[in-house]
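Note that these values count all heavy atoms, side chains included, but never hydrogens, waters or copies made by symmetry. Counting starts at 1 for both ligands and their atoms, following the listed order. Along the sequence shown, residues carry numbers from 1.
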Amino acid sequence: MYNELGISEKIENLSNEVEEEIKEEFKKIENISTYNSLKVLKAFKDNNISEMHFNSTTGYGYGDIGRDTIEKVYSQIFKTEDALVRNQFISGTHALTVALFGMLRPNDTMLSITGMPYDTLCTVIGIEENKSSLKSYGINFEQIELIDNDFDKDKIINRVSKNDIKLIEIQRSRGYSTRDSLSIEKIENIIKEIRKVNKDVIIMVDNCYGEFVDTKEPSEVGADIMVGSLIKNLGGGIASNGAYIAGRADLIELCAERLTSPGQGKEVGPSLGANKSFLQGLYLAPNVVASALKTAVYTARMMERLGYKPFPKYDEKRNDIVQTIEFGNPNDLIKYCQGIQMGSAVDSNSIPEPWDMPGYTDKVIMAAGAFTMGSSIELSCDAPIREPYIAYQQGGLTYEYGKLGVLIAIQNMIGMEK
Ligand SMILES: *Cc1c(COP(=O)(O)O)cnc(C)c1O
């Protein structure tokens with residue numbers, strides 16, 4: 001069978017060896033997945049999820065009981081006062097935009113304590129000039145770099161004790177940078193330190209790619225509000241779009257009034273048939289995140305054995321679903337990405353090529369053959385074509401499909417019949 005997909009005996013044997021080596025990592029991932037499944041199941045039971053919650057509303061969307069109950073389920077899982085889980089959010093970037101514009105006012109200052117924020121947020125904030133940015137409304141931005149992949153505690157405490165910062169942003173995942181992602185323990189420690197000197201500053205976590213990777217979420221260790229996309233972890237590969245914001249009730253109200261309008265807030269927003277997919281996606285999410293993590297661990301060990309540099313390594317603790325691979329040369333990187341496309345369920349016969357994407361300085365190659373366009377909980381791999389030639393891979397709805405995709409990518413890279 002492997003042969004029919006073009007996978008050589010040599011690679012198949014290597015794969016079998018690697019699977020033996022990574023067994024213990026899989027066990028840890030499964031334990032976390034069981035714990036998170038328990039959280040989800042309990043929230044479904046406590047909120048009496050039933051068929052009526054799959055119903056839909058149109059128009060203004062008043063009294064959408066499914067939508068309102070989904071928000072209660074999210075609040076319970078995250079241990080927050082309230083949540084906003086909406087298909088009116090176009091993306092994670094949009095939800096982060098709504099949250100920032102909802103909570104910040106002219107002359108306020110926002111402080112990132114994880115260095116440069118995610119690429120798309122740079123335009124939202126106004127680090128990249130834009131006439132509709134936060135900056136254009138007179139909202140200031142400052143950032144403090146990480147040191148040795150951890151928070152620069154002294155600098156942060158010194159800055160926030162002045163009491164003139166309105167909001168702190170923490171990005172849990174590495175995004176498209178080579179820094180490490182941040183563990184819940186590190187986030188917990190820094191929040192404790194901040195609270196010793198400043199009780200009022202709003203602490204917001206960009207939780208994209210981080211949900212269900214650990215047993216706790218940032219909201220359980222002191223974050224006031226957190227934001228994530230449903231075409232990543234929590235949509236479980238089932239949600240067709242949407243995002244969430246979860247946190248303190250007063251802040252969720254501000255976000256809701258920014259998403260819809262002042263005075264209407266959470267009361268409106270038709271679910272347009274999305275409720276069932278949000279619930280089913282959330283139900284599957286612990287297992288889907290586990291599959292993505294297993295695919296990442298497998299990739300890390302396979303690539304290491306083949307002489308490439310994975311980050312994190314297969315046995316390092318993970319705080320997001322992103323796996324980076326350093327190829328060291330453009331040819332292997334491009335062939336690998338093209339192979340990921342060949343190993344996808346959808347559009348497996350397209351061949352991605354590096355291209356000049358708007359907003360990027362280097363050419364970028366993007367491989368994704370997904371059921372939901374742009375979904376990165378499904379197996380996907382992208383890379384800017386620049387030294388040292390690093391690709392960012394994430395996703396895998398099931399470990400089996402993730403593994404097969406990676407095997408095809410490897411075979412495409414090293415050449416057929418090798
Ligand atoms: C994906 C991502 C975002 C933005 O989400 P989109 O849905 O792609 O707009 C923001 N922050 C981080 C860390 C992400 O990984």
inquiry  = Distance alone, cut at 3.5 Å: any donor-acceptor contact between the side chains of Ser271 and Asp64?
reply    = yes
ask   = For Tyr392, which of Phe327, Tyr336, Tyr176 qualifies under ring pair (Phe, Tyr, Trp, His ring centres under 6.0 Å)?
value = Tyr176
message = Heavy atoms only, cut-off 4.0 Å: how does Arg172 contact ligand 1, side chain, backbone, both, or neither?
response = neither
query = Between Lys232 and ligand 1, which residue portion shows a heavy-atom distance shorter than 4.0 Å: side chain, backbone, both, or neither?
reply = side chain
inquiry  = Please classify the Ser91 to ligand 1 contact at 4.0 Å (heavy-atom distances, strictly less than): side chain, backbone, both or neither.
reply    = both
remark   = Ser229 heavy atoms within 4.0 Å reach ligand 1 at atoms 7 (O)
query = What part of Asp206 sits under 4.0 Å from ligand 1 if we count only heavy atoms: the side chain, the backbone, both or neither?
reply = side chain
key: Which residue and heavy atom of the protein sit nearest atom 6 (P) of ligand 1, plus the separation   = Gly92 N, 3.5 Å
inquiry  = Under 4.0 Å from a heavy atom of Gln171: which atoms of ligand 1 are those, numbered in the order shown and with their elements?
reply    = 13 (C)
ask   = Going by atom types only, do Tyr209 and Ser376 share a side-chain donor-acceptor pair under 3.5 Å?
value = yes
key: Element-labelled atoms of ligand 1 that are located less than 4.0 Å from some non-hydrogen atom of Leu96   = 10 (C)
inquiry  = Among all protein heavy atoms in this structure, tell me which lies nearest to atom 4 (C) of ligand 1, with the distance rounded to 0.1 Å.
reply    = Thr93 OG1, 3.4 Å
task = Could you tell me whether a side-chain N or O of Asp152 sits under 3.5 Å from a main-chain N or O of Ile147, the two making a donor and an acceptor?
result = no
message = Would you call the rings of Tyr62 and Tyr60 parallel, tilted or perpendicular, taking 30° and 60° as the class edges?
response = tilted
query = Can any side-chain N or O of Gln171 pair as donor or acceptor with the backbone N or O of Tyr118 at less than 3.5 Å?
reply = yes
query = Of the options Tyr298, Tyr314, Tyr399, which is the one that meets Phe26 in a ring pair (Phe, Tyr, Trp, His ring centres under 6.0 Å)?
reply = Tyr399
ask   = Hey, is Leu121 touching ligand 1 through its side chain, its backbone, both or neither, going by heavy atoms under 4.0 Å?
value = neither
